[in-house]
Amino acid sequence: MQNVDFCWDTHRHTQPLSLSLHHCVSMLSLVLQTDYYYEYTECDSTGSRWRVAIPQSHGSCIGLPEPVRGTECTFSCEAGEFLEMSAQECTQCAAGTYSLGSGIRFDDWETIPSGFSSLATYLDNGPHGDDSTTCNSSSWFPQGSYLESNRDECTVSLIYAVHLKKPGSVSFDYQYPDGNLFFEFFIQNDQCQEMDQTADKKWLKLTSHGEWATHTVNLKSGTNILYWRTAGILIGAKVVKPVLLKNVHIEGVAYASECFPCKPGTFSRTPGSSSCQPCPRDTHSGHGASSCTPCNTTTLYAPEGSAECKARPPCSKKDYFQIHTPCDLEGKTQVTYRWVEPQICLVDVPGAETLPPSGDREPCPPCNPGFYNNDTATCSPCPPGTFSDGVKACESCPAGTEPAVGYQYKWWNVLPTSMKTSCFNVGNSKCDGMNGWEVAGDHIRSGAGGSDNDYLILNLHVPGFKPPTSATGGAGTEFGRISFEFEMVCTADCELYFMMDVNRKSTRVVASWEGGKVRQSYTHIMTKNASVSYTWAFQRTNQASDVRQNVNNVARIYSISVSNAVDGVSSACQTCALLSQPSGSLCVPCPPGHYIHTSQCTECPPNTHLTSHSTLGPEACKPCGPSSKSNKEHSRCYSDCVFSYSENNVSLSFDYSSLGSVRTLMNGPSFTTKGTKYYHLFNISLCGGEGRRAVCTDNVTDLSSADSQKETGEPANAVETLICQSTIIPSSGRGFHTALSSQSISLADTFLGATVALTLDGVKARPDLFPQTTNKVPDVNFFYRSLEVTSSCDKGRNVVVTLRCNPDRSTQGELTVPSQCPAGTCDGCTFHFLWESSGACPQCTSTNYHQIEGACKGGLQDTLYVWTEPKRCVGGVSLPEKKTWPCESMDFLVKMGATIGAFTAALLFSITCYFWKKNKRLEFKYSKLVMSANKECELPGADSCAVMEGEENEGEMEDEVVYSKKTSLIRKLKAIGNKRSYENVQLNSSQSNGLVWG
């Protein structure tokens, strides 16, 4: 309206009114056509809408076109067309532009497109969570052909809002190689309410290094707010790899109001295009080009899809590579050099490198084991049933043996037919078509590539495994194994990945190495028979740069061997079991748990496990550890939850059945360097019997619904073993709606045994890490080991679970880790747990109780049995029932005692009185003798000593000597008294020499 007012004022006084009005109306019509645009109103309940004109600038305006009825709400144009709003008709896009019809696509990421926004938050309440500036620099970063996510612990969301007129969809390509960075995609409506999505649509699956995956989600009509959200957890110093995003395609917008111009480096030659094509090599194009312009190839070059031509640089050492020529008819080979194709460098300029001369012709290396050449230039595999060491001709295996099939590559004159190599870069196509690895005689080495951050790929495909015939019936867990010897020479942050893809489902990283590594070996065991693709990926650095600085960083692989490969060849023969008939020469399978001995199948002894069929004889059966037994197939050892211990004539029996189920320990919280809160989740199967294995999942997990997940089946990325660990990030604080579970690893897959000793098979318990106890019941240590080696644990991980009797605990008890090692391990390789429980106490025996006897009441007496305190046993024998015995009362005993006492006292009194009276008589006689001796000065003769006359009247009849064979008790006593009286008398008469009994 300012233009209108200006027009009116400037002509008010210089021209007639009619002329001025006509001129201004013409200008008004011209200005308004450029200052407004058309748009549709919201659809009403009948599915109709109106086309209205909207001014480009704010403010009131007059002269806008009147609203008119628009097209139906479901109307849309075809791909390559757009809706021309003035006529409300579909019109073809011009050359140099494209349209998706009812969709929109974002494939140019030189900058973040209009409508997208990146929001970084750090909502954790950890010790460092109050630093509001810690995530200011975190964002999604445009990298030309893709977007790159953050690498830190901040939660960063890429947001785009779109209003759909009809149901549609969104699809995008992504790379998600690192599980330490969580990546989710979800949708909200205009009320900020999250749309219903299944877990597989919300949480993105990991991809192998360099692989682009496509994710598609259906959208509802109306407003859809799209969120791509990432959040990392940095446990340790390792840098996570970012998520890459490109080719965002949204369908359902109903119509395109304009066509999109082709981005630089692409073109659309014809009108009505639905996409733009990249410019061929050595051509370029600008924005919205309908054709590509050739470069002056004399001095310039351009890769495919270039926006400009670049100057050809002088050739350098990075522009050529060496190869070993195939063996010729004379069995000779030589080292030659070739330019990297396509050759972009200039040779005839100052400072340019030229191709080095070829080396001398040398004898070809021998064929790999299992191959032969028969004086030809190529090595051929030995026929089935034969073997060769690569030098000699193929020979048949003798009777009683069979070929040991597999791959054994140790000479690298040509790339084996089962292997292939490639090179790619996520940000450019410089190395497309190049060999990622080059053979070099006694090793294969990483190639030059096109950039320092290229992925150099070497792939080996194994269609399946074929164990030896005599082992096919076994239940062993090893179907085959792959071993390789390698080294890395690096000055930058190079990394070598060893990956595996089983049945072409998903690729996972088995092991990785960073920096320089001396020559070493690595072995991985296959525990299932499946088609497998093994991949080695070498990257010199993960930082993109146009300048080659790390071209001399190299990885070398010296040998690769795979056992039991289905399509493998044989370098040797192995013994097999034969038919029992004397003439039998056909190899037969051995039953599970049997070893080969003298060409026959022999079952392993009880409580031993079969280690490998490559070992012959009884040595193939290894004894299980203490307090462990083998399963029926002799494939593994486990504990039956029973343990016995004897010392100093004391035997203890333990029954850990109540602790045998899988136990979970959530330890923490811990915090990363930036304050992210996380927990360590341990699942422990103590006894590890059949059907009682611990499971850890490596995906999004709502801890409150773990049981429901088990009912629906375990996720494909679950770890099933004896003891496993996961890292749990709680839902609170990171903007996620559920808890996250990642980094699931197996800590123990083999049970070594249980003992009270502190060391078993090289694994040492650490009682000093836990509080000491005065309990007289010894601690029992369960020892475990994981056979999977890691870069930090070259002998695998170990676990010690210490069981301690504590009657004050419940049966399940309490499971703890050392306070000074909250992660459960102090060295990263050996984990320690203390399990205090009443269920860890020994079983009760008769020595654990004593008896108490009650008083005798009413002729009955009770005997009670009670536990000896403190009670440190469970189960076992029960307390005997109370026993009642008959008994004599105290009143009867007292009466009997009193009677016996009175009788004894009366008897003693009578005897005393008798001897007292007798003694008086003897004294009287003695006195008379003395008096008589004094008067006559001599004693009377012997005959005068007889009893005097008249003494009978005095009652002396008892003093007479009576000869009798039978003497009563009274007579014996009287005789003794008489003898003693006569012996006390001194006889002075010379005539009397003795007493004569007549």
Side-chain angles (χ1 to χ4, degrees), residues 110 143-145 264-265 278-286 289 292-325 333-362 421-441 444-456 489-494 516 538-556:
E110 294 293 340
Q143 299 291 347
S145 59
C279 288
R281 190 179 302 276
D282 291 332
T283 64
H284 68 99
S285 69
C292 298
T293 304
C295 299
N296 182 2
T297 56
T298 303
T299 57
L300 302 176
Y301 80 100
E304 181 182 5
S306 296
E308 59 183 0
C309 298
K310 299 180 180 179
R312 291 183 177 271
C315 291
S316 64
K317 292 183 178 180
K318 69 179 181 62
D319 294 309
Y320 61 83
F321 59 95
Q322 72 173 27
I323 63 170
H324 284 66
T325 61
T333 182
Q334 65 179 152
V335 175
T336 62
Y337 298 88
R338 293 181 181 177
W339 295 112
V340 173
E341 296 293 340
Q343 182 182 350
I344 63 173
C345 63
L346 297 176
V347 179
D348 301 327
V349 295
E353 291 279 349
T354 59
L355 281 179
S358 299
D360 296 334
R361 297 175 69 247
E362 300 176 350
T421 180
S422 60
C423 174
F424 73 90
N425 190 299
V426 297
N428 59 63
S429 57
K430 292 181 180 179
C431 74
D432 291 357
M434 295 184 181
N435 288 332
W437 293 71
E438 299 290 344
V439 294
I444 185 171
R445 64 193 301 271
S446 55
S451 304
D452 283 352
N453 66 332
D454 290 340
Y455 283 101
L456 307 174
V489 180
C490 297
T491 58
D493 56 338
C494 67
F538 179 70
Q539 188 181 38
R540 293 183 170 88
T541 178
N542 57 17
Q543 302 298 323
S545 175
D546 292 333
V547 180
R548 299 298 301 271
Q549 298 176 341
N550 304 297
V551 70
N552 293 323
N553 291 352
V554 64
R556 301 186 182 97

Closest non-hydrogen contact found for Leu346 with Ala352 is O-CB, 3.3 Å
To the nearest 0.5 Å, what is the distance between CD on Gln539 and OG on Ser451?
10.5 Å
Ring-plane angle category for Phe424 and Tyr455, please: parallel below 30°, perpendicular beyond 60°, tilted otherwise.
parallel
Could you give the distance from OG1 (Thr297) to CZ (Arg281), rounded to the nearest 0.5 Å?
13.0 Å
To the closest 0.5 Å, what do you measure between CD (Glu304) and OG1 (Thr283)?
8.5 Å
Partner residues of Thr293 under the side chain to side chain donor-acceptor pair (under 3.5 Å) criterion, sequence neighbours left out
none
Under a 3.5 Å distance rule, please check whether Arg312 uses its side chain to pair with a backbone N or O of Gln343 as donor and acceptor.
yes
Begin with the C-alpha distance, continue with both residues' side-chain angles, and end with the deciding distance and a verdict on side-chain contact (heavy atoms from CB on, under 4.5 Å) for Val335 and Glu362.
CA-CA 9 Å; Val335 175; Glu362 300 176 350; over 6 Å; no
Can you check side-chain hydrogen bond (donor to acceptor under 3.5 Å, both in side chains) on Thr541 and Asn453, steps first, answer last?
CA-CA 5 Å; Thr541 178; Asn453 66 332; over 6 Å; no
Heavy atoms of other groups near Asn296 CG, more than 12 under 6.0 Å:
yes
Worked verdict on Cys315 versus Tyr320 for side-chain contact (heavy atoms from CB on, under 4.5 Å):
CA-CA 9 Å; Cys315 291; Tyr320 61 83; over 6 Å; no
Can you give me the closest heavy-atom contact between Gly305 and Pro278, atom names plus distance?
CA-CB, 4.1 Å
Tell me the closest heavy-atom pair linking Arg540 and Gly447, and the distance in Å.
NH2-O, 2.6 Å
Cys490 and Gly516 have their tightest heavy-atom pair at CB-N, 4.0 Å
Does the side chain of Cys292 come within less than 4.5 Å of Pro280's, by heavy atoms?
yes
Looking only at heavy atoms, which two atoms of Pro314 and Val349 are closest? And how far apart?
CB-CG2, 3.7 Å
Taking it one step at a time, do Tyr301 and Cys295 satisfy side-chain contact (heavy atoms from CB on, under 4.5 Å)?
CA-CA 6 Å; Tyr301 80 100; Cys295 299; over 6 Å; no
May I ask you to decide if Gly265's main-chain N or O and Ser306's side chain share a donor-acceptor pair within less than 3.5 Å?
no
Exercise: identify the closest heavy-atom pair between Phe538 and Ala555:
CD1-CB, 3.6 Å
dist Trp437:CH2 -> Leu456:CG (nearest 0.5 Å) comes out at 7.5 Å
Heavy-atom count check: over 12 atoms from other residues, nucleotides or ligands less than 6.0 Å from Arg361 CZ?
yes
Does any non-hydrogen side-chain atom of Glu438 lie less than 4.5 Å from one of Thr421?
no
Side chain to side chain donor-acceptor pair (under 3.5 Å) partners for Asn435, two or more places apart:
none
Verdict with supporting geometry, Asn425 and Asp454, side-chain hydrogen bond (donor to acceptor under 3.5 Å, both in side chains)
CA-CA 5 Å; Asn425 190 299; Asp454 290 340; 2.7 Å; yes
